Structures are given as structure tokens and as C-alpha cells.
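These notes concern the structure reproduced below.
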Amino acid sequence: MNTSRLKMRPFGELLLIMLLAATLGWFVQAIGIVAVLFIVVLVKRFGKFEAQLAATTFTVVSALCALAPHPQFKVGGGLLETGLCIASVWITIAVASNRNSDEEAIRRSEKELREVMDTIPAMVCIALPDGSVVSLNRRWIEYVGRSPIGLNWQAAVHPDDLEQHFEAFRKCSTAGMPFEDEVRLRRADGEFRWFVVAAEPFRDKQGRILKWYGIGTDIEDRKRAEEALQVAEHEARELLERVPAMISLRTVEGIAYTNQRIHNYVGVEQQELHGGGWQKYIHPDDQKRALANQAQSTEQIEPMDHLFRLRGADGAYRWFRTIAEPYPSVDGRSYCWYGVATDIDELYRSRELLRERELQLNLLTENLPAVLFKAAPDGAIVYINQKGIEYSGRAAEDLEQTGWTDMIHPDDFEETSNHWNRLLTESVGYDTVNRFMCADGQYRWFHTSVAPYRDDTGKTIAFHGIMLDTTTQKAAERALQQSDHQMQRMMDAVPSSLYSTGPDGKYTFVNKKARDYLGMTLDQIQGWGWVEATHPEEQEYVVKEFKKALGTGSSYINEHRIRRADGVYRWHLSRAEPLRDEDEQIVQWFGVAIDIDERKRAEDHLRETRVKLARASRIATVAELSASIAHELNQPLTAVMANGQAARRWLSNSPPNFSEALTSIERLLRDGGVADERMKHIRALFKQQPLRKKHAWPSQIIREAIRFVHEDAKRDGIPIDVQIAGDLPPIVVEQIQIQEVLINLISNGIEAMEGNARPPHLIIKAAFVNESDLLVEVIDNGPGLKDTQSIFDAFVTTKEKGMGIGLAVSRSIIEAHDGQLWAENNPDYGAKFSVKLPCGARRVHVLRADK
């Protein structure tokens with residue numbers, strides 16, 4: 001081990017250790033305690049080998065210095081002090097090394113304990129006396145998905161089991177007894193499984209509990225097996241108790257079990273029938289024979305089948321047939337007999353009435369409103385009832401001699417002959433509908449069913465058949481078919497698309513109008529093939545809404561575009577209603593799709609007309625707009641004058657301040673550009689020029705609008721809380737127009753808060769919503785709005801000197817950008833104006849320092 005240490009430790013470090021030890025050895029008499037501390041540090045930091053090397057060097061040097069004949073090598077002290085220091089150093093090495101060995105052994109023991117805990121195929125934990133967990137094995141953590149240290153383990157216990165489980169642990173902890181309980185624990189995926197949790201207390205010498213060592217074993221499969229066994233036992237018990245027969249269990253000692261039906265019949269408790277107690281309820285004339293049969297069955301271990309009379313609770317005797325089969329007992333050492341007693345009293349009493357019943361049966365067959373016949377294995381008719389004679393006009397003897405094939409309709413002869421020949425050769429019955437000529441010479445439809453009759457060996461001994469007259473039913477079916485055909489033609493002629501689907505939404509019918517429009521066959525439309533004809537932008541929404549209607553059973557209504565056979569998409573209004581049965585279960589859906597493309601185009605034209613009317617309204621009120629235009633130009637022109645005066649003042653200083661003057665001139669040019677842009681916008685407004693849209697950052701538009709508002713000295717002191725999301729994409733707009741809308745909304749909000757007792761507070765929010773729209777909200781804490789709709793109408797105002805066109809023009813501007821502008825009152829006080837603008841088909845990612 002020393003050699004490995006030398007290889008692992010660089011030679012320079014070892015030389016340094018030796019030099020330090022030599023120095024300490026030289027000064028041993030003065031600072032011997034430092035050598036001891038140095039040795040302790042070496043043992044702790046490097047190891048026993050380095051400490052022994054230093055101690056050896058220290059011993060040699062200090063001994064040489066103590067024994068040196070020349071005084072200049074001695075620092076002070078004698079051999080006794082040197083010896084004590086050397087002994088202290090070596091004792092320190094021994095003590096420190098032993099302690100390190102003990103600590104290493106403890107760490108190794110703890111590591112082995114942790115490895116054992118982690119490899120045990122169960123969930124192991126260590127807890128304090130109060131139940132707080134201090135250590136868990138890997139299986140615990142993997143099962144729960146986290147490390148529930150302390151009392152956090154309670155979160156993994158099923159809520160219904162927690163109180164009982166913790167109370168059981170508390171009782172065992174108080175009594176100092178081992179703990180065991182069955183509880184459901186939640187797995188990391190949320191599933192609860194049954195565990196048996198057992199814990200043993202660890203005590204000190206005084207018997208106090210220091211820790212609990214617990215183990216949890218998964219018994220989910222056992223629990224389910226027990227539950228299944230209990231259910232099976234319960235079902236078996238219920239079966240024995242509720243089966244409509246008398247069931248008993250007999251051993252060599254006598255009756256061991258009887259079901260409830262026997263007790264109800266005899267009228268006594270179960271215990272009175274056990275053993276030989278049941279014998280007194282047997283008729284006296286049958287007791288000897290019944291007991292002899294039972295004794296023989298017991299001795300020979302064979303089945304028992306005998307008849308006897310049993311007295312009921314009313315004192316009357318009834319005949320029973322008892323059948324019992326022997327089965328080995330559970331231990332396999334003996335046998336038990338499971339018996340079933342069947343009440344056959346009526347059967348016994350019916351023997352005398354058998355002939356009368358046979359006569360009644362003959363009367364039934366002769367008067368049954370159907371043709372019954374019997375044929376021999378060779379096909380000869382040996383019996384036909386009276387109804388058959390009336391239909392055919394031939395008796396059984398006549399049919400046997402002349403046959404019956406001449407009565408078959410010519411169109412049905414081949415099929416009927418094939419069925420009959422297969423019946424005779426293969427003994428395979430048949431069921432068919434065909435026509436036979438009756439005694440009046442008219443053909444009538446019959447539903448004929450023939451089946452072979454076999455003996456116990458499986459040999460065919462006869463053929464039995466029945467023929468039902470279905471002429472009336474056939475006529476009704478034909479009428480129904482004609483009605484269906486007529487309905488089909490009517491639905492195909494309807495000038496709308498009609499369809500029906502099953503409860504799962506798969507198409508079962510589509511009229512001709514729809515098929516011609518789509519240019520698709522019914523097979524192509526069936527299932528969900530119709531989705532391909534829906535406009536791509538609306539497919540996902542249409543399928544979602546249709547499936548929602550199927551799931552909820554509510555009416556379906558939707559407007560979407562459907563592709564015509566020539567590839568043109570047209571708008572349709574689709575409606576569907578469910579058809580329910582008597583149990584309110586949906587059996588079918590019926591729907592219609594109406595072409596509303598012209599209506600949609602009219603709505604678009606009306607929308608364009610409204611925009612034009614709004615533009616005309618603005619032009620008609622040009623005189624009233626002049627004041628607003630003057631106000632709009634006054635702000636940048638005032639700024640121009642202020643910056644010009646500032647530039648002149650900076651230049652007139654001595655010496656001139658060219659830096660400040662240049663800044664004022666730049667601001668002057670900027671504000672002049674703003675005035676020019678506003679003039680261009682006003683000119684475009686009256687010339688009805690198209691909007692010049694370009695990409696603009698929302699944050700710049702909002703902050704520029706705030707800057708213009710704050711240039712008014714009266715509004716500069718109003719606090720404005722700006723909340724702009726950091727991931728806003730650029731929007732394609734006419735920036736000046738959108739900026740004017742925001743200036744108007746901000747100014748209105750500030751004016752609405754004037755004169756209120758509350759301190760004015762205006763909030764401007766901007767965020768990205770619906771993954772495609774920008775939403776800007778201007779929120780004030782003023783008195784709110786009396787009407788959130790009419791304020792957008794032209795010439796409607798809430799101000800004393802207002803013209804009532806600001807919000808109307810603002811809404812026209814936003815709608816011209818395919819956006820929306822609306823107002824609503826806040827829940828507490830104040831109003832909120834919301835502007836929603838589209839951000840385009842995709843986001844534009846641009847890196848810049850300031851948005």
C-alpha cells in the first residue's frame with residue numbers, strides 16, 4: 001500500500017512534508033505542539049503513510065538535534081522533552097489513524113446498509129418515533145416519484161385510508177408494539193395500489209423507541225384475487241340460494257348443507273335438517289326405500305337417483321326427484337354428494353291427463369293458423385294438418401300419391417327443389433319464402449321452414465315443417481318499397497343537399513343534389529370522406545363542431561365553404577338534428593346543407609357599403625373636423641416652434657452651445673416630419689386613397705402615442721401604466737392611423753378621469769392572443785360608460801364640447817385594418833376600450849435592442 005501511495009503522491013509534496021517535519025524537529029523543544037497538530041492534519045488530509053513519513057523525519061531530526069555535540073544545533077531543552085514530543089507525535093498518529101479507520105468502517109457499513117435497502121424487492125423506510133421519515137430506499141422513491149421525507153409520505157396515502165392508517169400507527173407507537181396495516185399508496189402516475197406496511201421499533205437500552213424500521217410490500221394482485229374470490233363466493237352462494245331448485249350437500253355423516261328453498265318448503269331452520277333430521281319429513285311409505293337408496297349410494301360411492309314424497313310446511317306431501325353425484329372432499333380423504341331435488345308433483349299428477357293433453361295438442365295443430373306437415377325420410381308426406389288441406393285441397397294420402405311439386409310457382413321451382421333435395425340427402429333444414437298454388441288456383445306467398453327430426457343416435461327419422469301465409473306481408477313490403485322509392489326520388493328532387501348519418505357520424509345517405517354538387521359517389525362520401533370537400537381553412541373547426549354535436553346529442557348548425565365539382569368553394573349553412581328512439585337513444589342524424597353563398601356576398605357588399613358610408617360621413621363633417629385637424633397639427637407645430645426657439649437660444653449663447661442646438665434642430669426636423677405625415681394622412685382621408693400599410697412594432701406605436709399625449713401640459717402629469725408583452729411581433733398597418741386611434745382612446749380615458757375623487761390611473765396593456773391577433777387595452781378608473789354600443793355611432797358624444805365622431809372614425813380605421821374596436825365597463829369602476837388587430841399569417845422574428 002505504501003508503494004501505491006508513493007506512486008499516487010508527487011515526489012515534490014513528499015519532500016515538502018519531510019522538510020516541514022525536519023524544521024519542526026529542529027524546533028521541537030519550542031513548538032512541539034505544532035508538530036502534533038501537523039501530524040493530525042496529515043492523517044486527516046492525506047493518510048497514515050504521509051503522517052508516518054513526517055513522524056519518522058521529525059523523530060530523526062529532533063533526536064539528532066538533541067544528541068548533537070555542538071551547541072549551535074540545539075535550540076533548547078533536553079532529551080526528556082525531545083522524547084515526550086516524539087512519543088506524542090507517534091501516539092497522535094495511532095489515535096488519528098484508528099479514528100479514521102473507525103469512521104471508514106462506519107461509512108462502509110452505512111454504504112452497505114444503503115445498498116441492501118436499495119436492492120431489497122420491497123419499499124423500505126426508516127422513521128422517527130412520531131412517524132417522520134428520515135430515510136427511504138430507491139424503490140420507495142421510484143414508486144412515489146419523489147422523496148417524501150418527514151411527514152410528506154402522507155400525501156402518497158389514499159385519502160380514505162390516511163386517518164385510519166395514521167391512527168393505527170399512533171396506537172402501535174404508544175403501546176410500543178410492532179405495526180402492520182394494509183393501505184393504498186399512490187404511484188408516480190397517479191394510480192393507487194394496495195400495500196401491506198409493517199414496521200418494527202428499534203429501542204435503546206432503556207426500552208425507548210429510537211426509530212422505526214418499516215417495509216411495504218405490494219399486495220395489489222393479492223387484493224384483487226381476494227376481491228375476485230369474495231365475489232365468486234358471493235355469486236356462488238347467491239346462485240345456490242336463488243336457483244329454482246332444492247340443493248343439498250350430503251356426507252357420510254348425513255346432510256351437511258341445504259339451500260334456502262328447502263327451508264322455505266319444509267318450514268324449518270337449516271340445523272333441523274342436518275344429519276338425519278330430514279328423514280322425518282319423508283312420507284312414511286317412502287322412507288325405507290329412500291334410506292336404502294342413500295345407504296347404497298354411500299357404500300358404493302355412486303350416483304343416486306330416486307323418487308319420494310316430501311312434506312311441506314302446509315303439511316301436504318309432494319313428489320320430488322332427487323339426483324346426487326359423488327365428489328371427493330377438499331382433503332381428498334372422503335366423498336360428499338351434491339344433490340338436486342326437483343318438484344315433479346305436477347308431472348306425476350299429469351299422467352292421467354296425458355291423453356287429454358295429447359288430444360288438445362292434436363286440436364291445436366289442426367286449428368293452428370299455419371300449415372304443418374310431416375315427411376318420411378324418403379320425402380313422402382305422411383301428415384298434413386287441416387289448414388294445409390284447406391290451402392292445397394289435398395289430403396295427406398293424395399299428396400303422398402300425386403306429390404306436391406306441381407303446386408310450386410314456376411319462378412320458384414328450381415330454388416325450392418334444390419332446398420328439398422338437399423334436405424333429403426344431407427338432412428340440412430331450410431328456411432325460405434316462395435309461392436304455392438292454392439285450391440282456388442291462385443298463388444300465395446308462404447314462409448316455409450323445414451327441419452330434420454333425429455332420434456337419440458342422431459339418425460333422421462322424419463322431417464317437420466311449417467308454412468306461414470305471408471301474402472299480405474309481401475304486399476305490404478312491396479308497398480313499402482314503392483314508398484321508399486318514391487321518397488328517394490322526392491329527396492333527390494329537393495333543391496338542397498340532404499344527408500343522414502349513423503350515431504357515429506358516418507354517412508348512410510346523400511341525395512342526388514349533394515352528390516352532383518360534390519361530384520362524388522356515395523362510397524366516396526361515406527365515413528368522413530366528405531371532409532375533403534370542406535374548405536381547408538375550416539376543416540378542423542367543422543369536424544370539431546360536428547363531433548361535439550355527436551357527443552352531446554345537441555343540434556348541429558354551422559356555416560362553412562364546400563367545394564363544388566368544378567373546384568369552386570361556396571358558402572353553405574349546415575344543420576343536423578338527431579332522431580331518437582323510445583329510450584331517448586340517438587339512432588340516426590338527419591341534416592341539410594343550404595347554399596348561402598349569395599347571402600354571404602350580400603353581407604360582404606353591405607359591409608363595404610357601411611365602410612364607404614362611414615368615409616362619406618367623415619367627408620360630410622369636414623367643417624367640424626377642421627378644429628380636430630388644427631388640434632392634431634397644433635401639437636407637432638408647437639413642438640417645432642419650441643425646438644426652433646431652443647436652437648436659437650443655444651446658438652445665441654456666448655460661446656454658442658452647438659451640441660444642444662443640434663439636438664433641438666433634430667427634434668425640430670422630427671416634429672416637422674410628424675406634421676407632414678399627418679397632413680398626408682388627412683389628404684388621403686379625403687381623396688379615399690388606399691391605406692399604405694407597412695410593418696410596425698406595436699411598442700413603438702403605443703409609446704409614440706403616449707409621447708404625443710404627454711406633450712399637452714394639462715395631460716403630462718397623468719400617470720400611465722404601460723404593460724407591453726415582450727414577445728409582440730410586428731403588425732402590418734398604416735402606422736399614423738393606428739397611432740391616432742390610440743391617441744384618441746388615451747385622451748378620452750384621461751378626460752373621463754377628470755373631476756373624480758379617485759386619483760387618476762390609466763393602464764395600457766398589449767399582448768398577443770389567439771396566436772394570430774394583437775390585443776391593446778386602454779383602461780381608466782373614471783365613472784364608466786352608460787352605453788357601450790351607441791358611443792361608436794357618429795355625432796354621439798359624452799363631452800360637453802365634443803363632436804361625437806372620434807370613436808366612430810376610430811372604429812372605421814380599425815375595421816379598415818380587418819380589426820375590431822369595442823368598449824366595456826370594468827367590474828369595479830371605469831371603462832376599458834379594446835383594439836384587436838391581426839398580426840398576419842406568420843410572425844416576423846427581428847433582433848433589435850429596443851422594442
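The first residue of the sequence shown is numbered 1, and numbering continues consecutively from there. Keep in mind that this is a model prediction, so the values were computed, not measured.
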Candidate list Ile736, Ile738, Val732, test side chain to side chain contact (heavy atoms under 4.5 Å, CB included), partner Glu734, passing option: Ile736
Arg758 (side chain) donor-acceptor with Gly782 (main chain) under 3.5 angstrom: yes
For His761, which residues count as a ring pair (Phe, Tyr, Trp, His ring centres under 6.0 Å) partner, sequence neighbours excluded? none
Of all residues at least two apart in sequence or in a different chain, which pass the ring pair (Phe, Tyr, Trp, His ring centres under 6.0 Å) check with Phe546? Trp528, Trp530, Tyr556
Under a 4.5 Å cut-off applied to non-hydrogen side-chain atoms, are Glu740 and Asn744 in contact? no
Please determine whether side-chain contact (heavy atoms from CB on, under 4.5 Å) holds for the pair Tyr541 and His560, giving the CA-CA distance in whole Å, both sets of side-chain angles, and the decisive distance to 0.1 Å. CA-CA 9 Å; Tyr541 174 74; His560 58 93; over 6 Å; no
Kindly write out the residues that satisfy salt bridge (Lys or Arg N to Asp or Glu O under 4.0 Å) with Glu538, not counting sequence neighbours, or none if the list is empty. Arg561
For Glu577, which residues count as a salt bridge (Lys or Arg N to Asp or Glu O under 4.0 Å) partner, sequence neighbours excluded? none
Any donor-acceptor N/O pair, His535 side chain to Glu537 backbone, under 3.5 Å: yes
CZ/Arg570 to CG/Asp595 distance, rounded to the nearest 0.5 angstrom? 4.0 Å
Please name all residues satisfying side chain to side chain contact (heavy atoms under 4.5 Å, CB included) with Ala188, sequence neighbours left out, ordered by chain then number. none
Where do Leu837 and Gly819 come nearest, in terms of heavy atoms and distance? CD2-CA, 4.3 Å
If you define the side chain from C-beta out and look only at heavy atoms, does anything of Gln735 sit under 4.5 Å from Glu704? no
Measure the shortest side-chain to side-chain distance between Pro698 and Val776 over non-hydrogen atoms and say whether it is less than 4.5 angstrom. no
I need the minimum non-hydrogen distance between Val587 and Pro503, along with the two atoms involved. O-CD, 3.6 Å
Assess the residue pair Asn748 and Val778 against the criterion (side-chain contact (heavy atoms from CB on, under 4.5 Å)); give the C-alpha distance rounded to whole Å, side-chain angles, the decisive distance to 0.1 Å, and a yes or no. CA-CA 10 Å; Asn748 288 346; Val778 180; over 6 Å; no
Check whether any side-chain heavy atom of Pro783 sits under 4.5 Å from a side-chain heavy atom of Asn756, and report yes or no. yes
Quick one: list whatever passes salt bridge (Lys or Arg N to Asp or Glu O under 4.0 Å) with Arg564, sequence neighbours left out. Asp566
By salt bridge (Lys or Arg N to Asp or Glu O under 4.0 Å) - contacts of Glu824 (at least two apart): Lys832
Step by step, would you call Lys836 with Asn770 a side-chain contact (heavy atoms from CB on, under 4.5 Å)? CA-CA 11 Å; Lys836 182 186 290 186; Asn770 299 332; 3.9 Å; yes
Ala705 and Leu742: which non-hydrogen atoms are nearest, and at how many Å? CB-CB, 3.9 Å
How many angstroms lie between atom CD1 of Ile141 and atom CE of Met123, to the nearest 0.5 angstrom? 10.0 Å
So which atom in Ala549 and which in Ser555 form the shortest heavy-atom distance, rounded to 0.1 Å? CB-O, 4.4 Å
How many angstroms lie between atom CD of Gln820 and atom OG of Ser834, to the nearest 0.5 angstrom? 10.0 Å
Sequence neighbours left out, what passes side chain to side chain contact (heavy atoms under 4.5 Å, CB included) with Asp189? Give chain and number order. Arg187, Glu191
What distance do Gln737 atom CD and Ile814 atom CD1 have between them, rounded to the nearest 0.5 Å? 9.0 Å
I want to check something: taking the side chain as every heavy atom from C-beta on, are Asp504 and Leu550 in contact at a cut-off of under 4.5 Å? no
Residues which pass ring pair (Phe, Tyr, Trp, His ring centres under 6.0 Å) with His572, listed by chain and number, not counting sequence neighbours: Tyr517
Which pair of non-hydrogen atoms, one from Pro536 and one from Tyr569, has the smallest distance, and what is that distance? CD-OH, 3.6 Å
Check: Asp597 side chain, Trp571 main-chain N or O, donor-acceptor pair, under 3.5 Å: yes
Side-chain donor/acceptor of Asn781 to backbone N/O of Pro759, under 3.5 Å: yes
What salt bridge (charged side-chain N to carboxylate O under 4.0 Å, His left out) pairs are there with at least one residue in residues 779-791, not counting sequence neighbours? none
Testing the basics here: between Leu136 and Trp140, what is the closest heavy-atom pair and its distance to 0.1 Å? CD2-CG, 3.7 Å
Taking the side chain as C-beta and beyond, is there a heavy-atom pair between Leu821 and Leu745 under 4.5 Å? yes
Can you tell me how far the CZ atom of Phe833 sits from the CD1 atom of Ile779, to the nearest 0.5 Å? 11.5 Å
Between atom CD of Gln739 and atom CD1 of Ile702, what is the distance when rounded to the nearest 0.5 Å? 11.0 Å
Are Met520 and Val510 side-chain neighbours, meaning at least one heavy-atom pair lies under 4.5 Å? no
Working note: His817 + Lys693, criterion side-chain contact (heavy atoms from CB on, under 4.5 Å); need CA distance, chi angles, decisive distance, verdict. CA-CA 9 Å; His817 284 77; Lys693 297 180 181 179; 3.9 Å; yes
My understanding is that only residues two or more places apart in sequence, or in another chain, count here; which of them pass side chain to side chain contact (heavy atoms under 4.5 Å, CB included) with Glu142? Arg138
Polar side-chain atom of Asn558 near backbone of Val542 as donor-acceptor pair, under 3.5 Å: no
Could you work out, with side chain to side chain contact (heavy atoms under 4.5 Å, CB included) as the rule, every residue matching Ile586, not counting sequence neighbours? Pro578, Arg580, Trp589
Under the 3.5 angstrom rule, does the side chain of Gln539 hit a backbone N or O of Thr534 as a donor-acceptor pair? yes
Hey, does Val144 have a side-chain heavy atom less than 4.5 Å from the side chain of Leu185? no
